[in-house]
Amino acid sequence: MDNKLFLYNTLSRKKEEFQPINQNHVGLYVCGPTVYGDPHLGHTRPAITFDILFRYLKHLGFKVRYVRNITDVGHLESDGDTGEDKIAKKARLEELEPMEVVQHYTNRYQSYMDELNIQKPSIEPRASGHIIEQLEIVEDILSKGLAYESNGSVYFDVEKYNESNNYGELSGRNIEDLLSTTRELDGQTEKRNSFDFALWKKAAPEHIMRWPSRFSDGFPGWHLECSAMSAKYLGTEFDIHGGGMDLLFPHHECEIAQSTVCNGHTPARYWMHNNMITIDGQKMGKSLGNFITLEQMFSGEHDKLEQSYSPMTVRFFIMQAHYRSTLDFSNEALQASQKGMERLLEAFTNLDKLEASDSSSFSVKELSDKCYVALNDDVNTPILIAHLFDAVKNINSMLAGKASLTSADLDVLKQLMSAMVIDILGLSVNIENNSAGNDELLSESINLLLNLRVDAKANKDWATADKIRNELQALGVEIKDTKDGFEWSVK
RNA sequence: GGUUCCUUGGCCGAGUGGCUAGGCACUGGUCUGCAAAACCAGCUACGGCGGUUCGAGUCCGCCAGGAACCUCCA
């Protein structure tokens with residue numbers, strides 16, 4: 001089958017066949033978190049979306065350089081000249097060094113991403129480590145006459161840019177609309193137009209995040225870091241730029257404008273945007289305060305949570321929706337995902353128990369093709385998962401002796417399932433049972449009890465048999481009777 | 001107010017102009033000492049009103065409801 005990958009490109013609003021700039025190599029840049037708070041459920045969406053893309057591109061044989069930045073400067077708490085840097089504000093509140101805050105939340109972010117089995121990007125650059133590169137861009141844009149200095153700050157001249165370029169090509173906006181719809185905000189007297197954006201901001205006296213420059217002691221503007229770091233590590237033209245839909249405007253639009261001025265062309269060929277996670281129909285986000293942190297998800301300690309959810313459950317939940325659709329949080333949905341995933345992983349581990357036959361009663365080739373068709377269609381993980389559940393059904397039927405595969409087909413099925421479930425979807429099968437914990441004493445004790453139960457059953461002593469089963473279940477041991485004995489696992 | 005998008009069965013969530021999405025839940029059956037798991041079968045659907053079409057959740061228009069962005073946000 002031909003393996004043509006189609007990706008939805010926000011620039012064209014269409015699915016386009018993916019063709020890398022350099023054969024066999026892919027440059028992927030994704031907007032990472034602003035590290036001024038604990039990672040929440042919303043942060044998992046882009047992380048997982050682009051993790052799967054990263055994994056799939058590698059599976060297809062591409063050598064991928066994946067850059068995901070850490071934003072540790074430059075975001076203003078409120079617009080206008082009175083704005084205070086988010087990191088600085090948090091540092092002031094917590095009486096910590098700004099870099100201490102940044103380090104703390106960076107560590108937290110990375111460790112939660114690890115728990116979600118998200119592969120580390122090739123490079124995780126920090127904005128604060130690229131001040132020089134950002135200042136170079138400011139100078140470049142100034143020298144080309146598309147920025148102006150005002151009271152120690154430097155602003156991008158959107159109106160002038162728009163004379164020879166199309167500001168709004170990504171987000172579908174135009175400058176006239178922006179003029180009429182932008183709100184009146186205080187402290188915008190430095191700007192010529194409300195839609196101009198800062199490349200460099202002069203720091204107020206109390207502002208502690210600051211770097212020297214010929215304009216002022218200050219800090220780089222909102223959108224500059226991505227232009228600087230993507231160009232530095234991926235070149236001035238790279239393949240894919242990703243991020244949340246909420247960054248489409250103004251962040252990515254400004255990024256395109258900046259990079260276009262510097263390099264004469266848009267920085268990325270394909271722009272991909274993941275949709276939001278909602279809760280009660282509303283976007284889960286910092287500003288609304290309606291977010292659930294990953295710590296809370298994994299511990300269950302939050303008013304909205306009926307139970308805790310494992311990292312893999314969260315991951316599976318997110319993969320069961322297409323990345324461009326909103327996904328609504330609910331306990332019911334998470335619980336459904338958890339059960340479905342357990343069934344999928346159970347079948348996956350049972351692959352090893354399957355025995356080959358002379359003939360095959362279902363087509364592994366067809367299943368395989370369907371999986372790749374789903375992935376190639378804009379990384380459609382929900383459809384992929386639907387096909388994997390067909391595989392689950394077939395695997396279980398084989399276990400029940402109602403389906404069969406030849407030895408060759410069985411090998412293909414095992415490879416396919418391993419590629420899809422483990423390599424691409426990134427589910428980890430750390431079976432938290434017999435072997436996990438590796439407590440031999442515990443294992444043998446449970447086996448002993450269950451063997452006693454087998455004896456009780458043989459004697460038709462149902463009371464004893466049920467007592468052993470019920471009490472072990474109460475302790476969290478799942479028991480399945482089989483034809484010639486039992487299986488058990490720890491929940 | 002401007003721009004864009006969404007509205008699918010008990011819940012979550014795919015999708016194409018005509019053929020079962022899938023998961024969870026539920027119902028019946030098989031298996032089981034009884035369960036659990038598994039297998040088989042069934043179940044509830046495309047916001048409303050018009051239009052295009054041989055045929056429309058799928059295209060067009062209007063209406064209703066909701067969301068995102070326009071300000072930091074994944």
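Each chain gets a letter, A, B and so on, in the order its sequence line appears, and its residues count up from 1. Since we're looking at a predicted model, the values are computed, not measured.
If you check every strand for non-hydrogen atoms under 4.0 Å, A:T44 touches nothing. When heavy atoms are screened at a 4.0 angstrom cut-off, A:G42 is found touching base atoms of the nucleic acid. Looking at heavy-atom distances under 4.0 Å, A:H387 makes no contact with the nucleic acid at all. Using a 4.0 Å heavy-atom distance criterion, A:D328 is classed as a sugar-phosphate-only contact. When heavy atoms are screened at a 4.0 angstrom cut-off, A:S287 is found touching base atoms of the nucleic acid. Heavy atoms of A:N274 sit under 4.0 angstrom from at least one base atom. At the heavy-atom level, A:L327 lies under 4.0 Å from the strands shown only through sugar-phosphate atoms.
Side chain of A:M284, nearest nucleotide from B:A74, B:C12, B:G33: B:A74. Side-chain proximity of A:K457 to B:U4, B:G33, B:A74: nearest is B:G33. Distance from the side chain of A:T34 is smallest for B:A74 among the nucleotides B:A74, B:A14, B:G22. Comparing B:G33, B:C39, B:G15 by their closest approach to the side chain of A:K402 singles out B:C39.
Here the separation of B:G29 from B:G15, taken at their C1' atoms, is 32 Å to the nearest Å. When the P atom is compared between B:U52 and B:G10, the two are found 32 Å apart, to the nearest whole Å. Taking the C1' atom of each, B:A37 and B:U32 are spaced 11 Å apart, rounded to whole Å. Remark: the separation of the C1' atoms in B:G47 and B:G9 is 14 Å, to the nearest Å. One P atom belongs to B:C26, the other to B:A35, and the distance between them is 16 Å to the nearest Å. For the C1' atoms, the distance linking B:C24 with B:G1 amounts to 42 Å, nearest Å. Distance check on atom P: B:G65 versus B:G48 gives 15 Å, rounded to whole Å. Atom name C1', nucleotides B:C46 and B:U20: the rounded distance is 15 Å, in whole Å.
Of the candidates A:D378, A:N380, A:T49, A:Y323 forms a side-chain hydrogen bond (donor to acceptor under 3.5 Å, both in side chains) with just one, namely A:D378. Remark: of the listed residues A:H251, A:E255, A:H252, A:E253, A:H251 is the sole one forming a side-chain hydrogen bond (donor to acceptor under 3.5 Å, both in side chains) with A:H223.
Using the six-membered ring where Trp is involved, A:F298 and A:Y112 have ring planes that are tilted, between 30° and 60° apart. Between A:H40 and A:H43, the ring-plane angle classifies as tilted under the 30° and 60° cut-offs. Note: A:F238 and A:Y29 have tilted aromatic rings, judged against thresholds of 30 and 60 degrees for the angle between ring planes.
Closest approach of A:R68 and A:A47 over heavy atoms only: NH1-CB, 4.3 Å. Between A:L7 and A:I240, the shortest heavy-atom contact is CD1-CD1, 3.9 Å.
When the salt bridge (Lys or Arg N to Asp or Glu O under 4.0 Å) test is applied to A:E159, no partner is found at least two apart in sequence or on another chain.
Per the geometry, NZ belonging to A:K460 stands 12 Å off P belonging to B:U32, to the nearest Å. Put simply, CG on A:D378 is 12 Å from P on B:A14, counting in whole angstrom units. Following rounding to the nearest Å, A:E253 (CD) and B:C72 (P) show an atom-to-atom distance of 14 Å. With rounding to whole Å, A:I479 atom CD1 is found 17 Å from B:G33 atom P. Between A:N396 atom CG and B:G22 atom C1' there is a gap of 15 Å when expressed in whole angstrom units. The NE2-P distance, from A:H252 to B:C72, rounds to 14 Å in whole Å. Between the CG atom of A:L170 and the C1' atom of B:U4 there is a distance of 12 Å, rounded to whole Å. Whole-Å rounding puts the A:R324 CZ to B:A14 P distance at 10 Å.
The partner of B:U32 is absent, by the rule that a Watson-Crick or G-U pair needs both atom distances under 3.5 Å. Across every strand in view, B:C5 sits in a pair with B:G66 that passes the Watson-Crick or G-U test at under 3.5 angstrom. In this structure B:C59 sits in a base pair with B:G51, meeting the Watson-Crick or G-U test at under 3.5 Å. Remark: B:C46 base-pairs with no nucleotide in the shown strands. Criterion, Watson-Crick or G-U wobble with two distances under 3.5 Å.
A:D466 contributes a side-chain N or O that forms a donor-acceptor pair with the base of B:G33 under 3.5 Å. A donor N or O paired with an acceptor N or O is not found under 3.5 Å between the base of B:A36 and the side-chain atoms of A:R469.
The 5' end of RNA chain B is approached more closely, in terms of each residue's nearest nucleotide, by A:Y323 than by the other of A:Y323 and A:E478. Nucleotides of RNA chain B nearest to A:D377 and A:A321 differ in position, and the one nearer the 5' end is that of A:A321.
A salt bridge does not link A:D390 to A:K393: none of the charged nitrogens lies less than 4.0 Å from a carboxylate oxygen. A salt bridge does not link A:E190 with A:K202: every distance from a Lys NZ or Arg NE/NH1/NH2 to an Asp or Glu carboxylate oxygen is 4.0 Å or more.
Counting only N and O atoms by type, the side chains of A:Y309 and A:N331 include a donor and acceptor under 3.5 Å apart. Looking only at atom types and distance, the side chain of A:Y233 has a donor-acceptor partner in the side chain of A:H130 under 3.5 Å away.
Within a 6.0 Å sphere centred on CD of A:Q473, heavy atoms belonging to other residues, nucleotides or ligands number more than 12.
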Which atoms of nucleotides 65-69 of chain B (N or O only) lie under 3.5 Å from a protein N or O atom, and what are those distances?
unit_1	atom_1	unit_2	atom_2	d
B:A68	OP1	A:K283	N	3.3
B:C69	OP1	A:K283	NZ	2.4
B:C69	O3'	A:F249	O	3.4
B:C69	O2'	A:R173	NH2	2.8
B:C69	O2	A:R173	NH2	3.3

N/O-N/O pairs, protein side and nucleotides 23-26 of chain B side, under 3.5 Å:
unit_1	atom_1	unit_2	atom_2	d
B:G23	OP1	A:R343	NH2	3.3
B:C24	OP1	A:R343	NE	2.9
B:A25	OP1	A:K339	NZ	3.3

